[in-house]
Amino acid sequence: GQAAYDFLKDGCTALIFATPMLLWKTANSFAKKTLSLDSVETVVVADSVRSKFFLQGSSFIQWPLKEEGRIAAQKLMGQIEGISPNPEHIILQSSFIPREQADYELKGNWYLDQ
């Protein structure tokens with residue numbers, strides 16, 4: 001929370017959180033100081049079902065968690081079967097959902113429906 005506070009004090013207008021939990025912890029820290037993240041654009045990488053509880057009022061990046069898990073499982077099974085892993089660069093498609101659209105997306109249980 002202190003690092004985010006320092007950024008905002010220095011004129012930062014947006015914060016990106018790697019997980020919903022980091023957003024929640026920062027908001028909690030701000031609340032203790034009677035501050036709010038409402039005036040700042042926040043962007044969160046959505047990583048799990050719990051995300052929908054922390055994202056209201058924020059833009060978010062919808063990460064393809066199922067696809068990531070599928071690929072990881074394939075790689076692990078290959079190693080178990082004795083196939084030597086070759087280094088790979090894999091790019092997965094994610095989606096940016098702006099704040100204006102986020103509340104609508106969350107009400108539709110966007111993550112649970114996938």
| field | Co-members of L76 in a cluster of I, L, V, M, F, W and Y side chains, linked at under 4.5 Å | value |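 Cluster partners of L76: M77, I80.
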Within this structure, what is the [atom1]-[atom2] distance for the pair [X] and [Y], rounded to the nearest 0.5 Å?
X   : Y   : atom1 : atom2 : result
L23 : I16 : CG    : CD1   : 12.5 Å
T26 : L15 : OG1   : CG    : 7.5 Å
F7  : T13 : CZ    : OG1   : 12.5 Å

So does [X] have more than 12 non-hydrogen atoms from other groups sitting under 6.0 Å from [atom1]?
X   : atom1 : result
F30 : CZ    : yes
Q74 : CD    : yes
K32 : NZ    : no

| Under 3.5 Å, side chain of S29 to main-chain N/O of K25, donor-acceptor pair present? |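 Looks like no, no N/O pair under 3.5 Å.
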| task | Measure the shortest side-chain to side-chain distance between R70 and K66 over non-hydrogen atoms and say whether it is less than 4.5 angstrom. | result |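 Heavy-atom side-chain distance check fails, nothing below 4.5 Å.
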